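Predicted model, so just to flag it, every value in this text is computed and none were measured. Residue indices begin at 1 and follow the sequence shown. Computed from heavy atoms alone, side chains included, the values below leave out hydrogens, waters and symmetry copies.
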Amino acid sequence: QVQLVESGGGSAQAGGSLRLSCVGSGNTLSSVCMGWFRQAPGKEREGVVIIYPGSGPTVYAGSVKGRFTISRDTAKNTVYLQMNSLKPEDTAMYYCAARGNCGLNWRDYTDWGQGTQVTVSS
């Protein structure tokens, strides 16, 4: 099992940037699929981006492609989500997850962090 802790959420103006971090323990994050997911109030959780093990490929949701970037720091056992050109519709609780099947379906992931709130104002 992987223990995950997110940080870096907060408030931003539309067009601004935030960087989220997800630190793992109990397993090496680089050896498993990792994903960032988000859930806005009253909406279903949705996949934002996933990264395959190692330096594997990434898959982005269409709504964030070109604006968000996922990356790993293997030495720090950390996965990042750089979010640029933020929009009010990006407002949500953001979660990192591990050990899925490398897809954007949140139901396939077994290990979750507690989430970090991102609020974007217009």
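- Taking OG of Ser11 as the start and CG of Leu18 as the end, the distance is 8.0 Å to the nearest 0.5 Å.
- Of the residues Trp106, Tyr109, Tyr94, the one that meets the ring-ring contact (aromatic ring centres under 6.0 Å, His included) test with Phe37 is Tyr109.
- A pairwise comparison of heavy atoms in Leu29 and Asn77 identifies N-OD1, 2.8 Å as the closest pair.
- Side-chain N or O atoms of Arg72 include one that pairs as donor or acceptor with a backbone N or O of Gly54 at under 3.5 Å.
- At a threshold of 4.0 Å, the pair Glu44-Arg107 counts as salt-bridged, since one of the basic side-chain nitrogens sits closer than that to a carboxylate oxygen.
- Hydrophobic clustering (ILVMFWY, side-chain heavy atoms < 4.5 Å, transitive): Leu81 and Val32 are in one cluster.
- When every heavy atom of Pro88 is checked against every heavy atom of Ala14, the shortest pair comes out as CD-CB, 4.1 Å.
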Inset, instruction - I would like to know whether Leu20 and Glu6 meet side chain to side chain contact (heavy atoms under 4.5 Å, CB included); could you show each step before the answer? - result: CA-CA 7 Å; Leu20 307 184; Glu6 304 98 332; over 6 Å; no
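- At least one side-chain heavy atom of Val79 sits less than 4.5 Å from a side-chain heavy atom of Trp36.
- Transitive grouping of hydrophobic side chains (ILVMFWY, heavy atoms separated by less than 4.5 Å) brings Val118 and Val64 into a common cluster.
- Under the 4.5 Å side-chain heavy-atom criterion for ILVMFWY residues, a single connected hydrophobic cluster contains both Val59 and Tyr95.
- Looking at heavy atoms from C-beta onward, Asp111 lies out of side-chain contact with Gln3 at the 4.5 angstrom threshold.
- The CD1 atom of Ile51 lies 10.0 Å from the SG atom of Cys102; values are rounded to the nearest 0.5 Å.
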